[in-house]
Undergrad: 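My structure is below; once you've seen it, I'll send some questions.
Both backbone and side-chain heavy atoms feed into the values below; hydrogens, waters and symmetry mates do not.
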Amino acid sequence: MLDSVDGDGSRARGLHPGEPIPFGLQPVLVSPTTVYGTVLVETILRGWPPAGLPRPWLVLLADIPAKPASAARYRLRVLSSRLAGTVALPYLPALRAVERPEDALNDPTVARAAAQLRRQLEGP
């Protein structure tokens, strides 16, 4: 969903633990809206260097078609100052039924969410 669709060759990619963030790239954390997911985000942000790396974006993917638990919402509010921004994606049932991420983009709802996600991360 983060990959470019305009053919410029840019691709999102995961980093392994301890792998440096390539210069000039914007880090993005992806998490489900569960309390456990927000605990993991908090753990990552506690270890985030205060200088030298840009603040990451947080993409939250709803795990059910309801708002996050109050403990998750509270933790996200507290962590918001450590983030470049937060993007919330709705519950997308198609993501549960695909073998490869790119297959999910065939679903119109997922394709719209992906386009919205890219617009929000790229800014005005």
Undergrad: Between CG of D107 and CZ of R112, what distance do you get to the nearest 0.5 Å?
TA: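 It comes to 8.0 Å.
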Undergrad: Between L105 and A114, which heavy-atom pair has the shortest distance, and what is it?
TA: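 Scanning both residues completely, I find the closest heavy atoms to be CD2-CB, 3.7 Å.
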Undergrad: Are more than 12 heavy atoms, taken from residues, nucleotides or ligands other than E99, located less than 6.0 Å from that residue's CD atom?
TA: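 Open.
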Undergrad: Can you check whether L29 reaches L45 side chain to side chain, under 4.5 Å on heavy atoms?
TA: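 They are in contact (side-chain heavy atoms under 4.5 Å apart), so the answer is yes.
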Undergrad: Determine whether P27 and P54 make a side-chain contact, defined as any pair of heavy atoms from C-beta on separated by less than 4.5 Å.
TA: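 They are in side-chain contact.
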Undergrad: Minimum heavy-atom separation for V59 and L117, please, with both atom names.
TA: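 Distance-wise, the nearest heavy atoms are CG2-CD1, 3.7 Å.
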Undergrad: For W57 and Q120, which heavy atoms make the closest approach, and how far apart are they?
TA: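 Closest approach of W57 to Q120, heavy atoms only: CH2-O, 3.7 Å.
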Undergrad: Hey, what do you get for OG1 (T33) to CZ (R73), rounding to the nearest 0.5 Å?
TA: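 Rounded to the nearest 0.5 Å, the OG1-CZ separation comes out at 10.5 Å.
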Undergrad: If you count the non-hydrogen atoms of other residues, nucleotides and ligands that lie under 6.0 Å from OH in Y91, is the total more than 12?
TA: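 Yes, OH of Y91 has more than 12 neighbouring heavy atoms, counting only those of other groups under 6.0 Å.
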Undergrad: Do L61 and L95 touch side chain to side chain, with heavy atoms closer than 4.5 Å?
TA: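 They are in side-chain contact.
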Undergrad: For A72 versus V35, what's the shortest heavy-atom pair and its separation?
TA: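 Answer, listing the atom of A72 first, then V35: N-CG2, 3.9 Å.
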Undergrad: Given L60, which partner from the list L76, L89, V87 fulfils the side-chain contact (heavy atoms from CB on, under 4.5 Å) test?
TA: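 So the option named by the test is L76.
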Undergrad: Is it true that T34 and D63 share a donor-acceptor pair across their side chains at a distance under 3.5 Å?
TA: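 No, because no side-chain N or O of D63 sits under 3.5 Å from a partner of the opposite role on T34.
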Undergrad: So, the side chain of S31 versus the backbone of G37: is there a donor-acceptor pair under 3.5 Å, distance only?
TA: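 The answer is yes, because a donor-acceptor pair under 3.5 Å joins these two groups.
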Undergrad: Would a distance-only check, ignoring hydrogens and angles, find a side-chain to backbone donor-acceptor pair under 3.5 Å from R55 to R82?
TA: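 No, R55 side chain to R82 backbone: no donor-acceptor pair under 3.5 Å.
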Undergrad: Does any part of the side chain of R75, heavy atoms only, come nearer than 4.5 Å to the side chain of V39, both counted from C-beta?
TA: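 They are in contact (side-chain heavy atoms under 4.5 Å apart), so the answer is yes.
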Undergrad: Taking the side chain from W48 and the backbone from L83, do they hold a donor-acceptor pair closer than 3.5 Å?
TA: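 Not at all, since once roles are kept as given, no pair shorter than 3.5 Å links the two residues.
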